[in-house]
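Every chain is numbered from 1 and lettered A, B, ... according to where its sequence line falls, protein lines coming before strand lines.
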Number of protein chains: 2
Amino acid sequence: MEDKISLLNKHLKEKGLKSTRQRDLIVSEFFKRHQHLTVEELLERVRKIDQGIGYATVYRTLRLLTECGLAFKREFGGSARFEHSTDHHHDHLICLDCGKIVEFENDRIEKLQAEVCQKNRFKLINHKMELYGYCEKCHGKHHE
Amino acid sequence: MEDKISLLNKHLKEKGLKSTRQRDLIVSEFFKRHQHLTVEELLERVRKIDQGIGYATVYRTLRLLTECGLAFKREFGGSARFEHSTDHHHDHLICLDCGKIVEFENDRIEKLQAEVCQKNRFKLINHKMELYGYCEKCHGKHHE
DNA sequence: AAGAAATTGAAAATCAATATCAATTAGGAA
DNA sequence: TTCCTAATTGATATTGATTTTCAATTTCTT
């Protein structure tokens with residue numbers, strides 16, 4: 001976490017940007033736990049510590065983190081969600097009931113995707129794959 | 001195509017809804033070709049025939065078609081796109097340059113997706129998979 | 001032909017995200 | 001440390017896609 005903040009500060013310095021109280025707070029709250037947060041959710045957490053933080057500042061800070069490769073923007077459903085960037089590519093399982101998000105990797109699927117692209121003479125750049133269903137807990141609920 | 005319209009009319013009658021000039025026009029334009037149209041694009045086509053058709057009516061008619069299973073809403077990027085519903089599930093390849101959309105089916109990928117869900121104790125309901133890249137034509141352009 | 005109920009189009013509302021702008025703040029230079 | 005300029009902030013306005021509202025119009029059953 002400290003390393004993330006110092007990496008960001010380095011990035012800021014290089015770009016002639018400034019480190020601010022708000023920025024630091026938002027970033028440290030973002031990196032506290034590995035989750036998939038919406039702007040709204042992060043704002044809520046941040047405001048527990050500093051009432052005055054504005055909407056736009058959270059948007060701007062997350063864009064900053066995304067630009068310097070520390071965060072990744074995912075567009076599931078309604079609002080975008082941001083996750084910590086990882087070195088490995090992964091996709092997501094999403095519970096339709098409680099919203100739980102599970103990350104997974106599957107090389108065999110990736111390979112087949114590449115095959116599909118070749119067959120259709122597409123040069124694959126990236127993909128989006130989301131599996132929607134019910135997690136164990138929620139599936140249980142529906143059977144009571 | 002005639003069958004689609006009569007299917008829709010049957011649906012309308014069952015629900016106590018009415019068949020109108022606007023509705024008929026929008027539906028028949030929608031089913032003219034198998035494409036992935038935005039509301040905007042469909043509106044444009046429809047207005048070539050009837051100037052006065054409103055924005056909201058196209059939205060409403062597409063929702064109607066979606067509800068009765070004749071159309072399918074896809075949420076790629078900016079605006080939603082609607083396709084004719086088909087009996088087989090499929091996913092999409094999308095060109096990042098020209099926007100070309102190619103449909104594909106791949107049972108092996110579907111099977112692996114089901115496996116991933118099982119492993120994570122999710123009950124799979126549906127999924128979204130989009131492969132983004134450059135189609136043959138556009139890839140060519142980038143190498144000139 | 002009449003009347004109730006649905007539909008239409010225009011404009012307003014909504015929702016997420018971005019841009020604007022005056023006031024504030026950060027941080028290098030003096 | 002103090003100054004100064006450029007960056008940042010928060011509030012608000014704006015955008016773009018979609019939905020809702022509402023009065024006027026149209027459909028369809030009787």
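Remark: the B:His90 side chain and the B:Glu83 side chain contain an N/O donor-acceptor pair separated by less than 3.5 Å. Between the side chains of B:His11 and B:Glu67, no donor-acceptor pair of N or O atoms lies under 3.5 Å. Side chains of A:His34 and A:Glu103: a donor on one and an acceptor on the other come within 3.5 Å.
Look at CG on A:Leu64: it is 11 Å from C1' on D:dT8, rounded to the nearest Å. Rounded to a whole Å, the CG atom of A:Asn9 is 15 Å from the C1' atom of D:dT8. Note: CG (A:Asp50) to C1' (D:dT9) measures 11 Å, nearest angstrom. Between B:Leu12 atom CG and D:dC28 atom P there is a gap of 9 Å when expressed in whole angstrom units. Rounded to whole angstrom, the span from the CG atom of A:Leu8 across to the P atom of D:dT8 amounts to 11 Å. Whole-Å rounding puts the A:Gln22 CD to D:dA7 P distance at 17 Å. If you measure from atom CG of A:Asp24 to atom C1' of D:dT8, you get 13 Å, rounded to the nearest angstrom. A straight line from CZ of A:Arg23 to P of D:dG10 spans 11 Å, rounded to a whole angstrom.
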Which nucleotides of nucleotides 11-19 of chain D have their base under 4.0 Å from a protein heavy atom (B), which only their sugar-phosphate (S), and which neither (-), written as one string 5' to 3'?
-> ------SBB

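Here the range on DNA chain C touched by chain A, meaning any atom under 4.0 Å from one of its heavy atoms, is C:dA16 to C:dG27.
Note on residues 107-119 of chain B: pairs passing side-chain hydrogen bond (donor to acceptor under 3.5 Å, both in side chains), not counting sequence neighbours, are B:His89-B:Glu110, B:Gln113-B:His127.
Ring centroid separation for the pair A:His84 and A:Phe30 comes in under the 6.0 Å cut-off.
Under the side chain to side chain donor-acceptor pair (under 3.5 Å) criterion, B:Gln22 pairs with no residue at all, not counting sequence neighbours. Among residues two or more places apart in sequence or in another chain, the side chain to side chain donor-acceptor pair (under 3.5 Å) test is passed with A:Arg21 by A:Asp50.
In the hydrophobic clustering, where aliphatic and aromatic side chains (Ile, Leu, Val, Met, Phe, Trp, Tyr) are joined below 4.5 Å either directly or transitively, B:Val116 groups with A:Leu93, A:Val102, A:Phe104, A:Ile109, A:Leu112, A:Val116, A:Phe122, A:Leu124, A:Met129, A:Leu131, B:Leu93, B:Val102, B:Phe104, B:Ile109, B:Leu112, B:Phe122, B:Leu124, B:Met129, B:Leu131.
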Working for side chain to side chain contact (heavy atoms under 4.5 Å, CB included), residues A:Leu64 and A:Leu17 | CA-CA 10 Å; A:Leu64 195 61; A:Leu17 305 177; 3.8 Å; yes

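In terms of phosphate contacts, A:Thr20 brings a side-chain nitrogen or oxygen within less than 4.0 Å of OP1 or OP2 of D:dT9.
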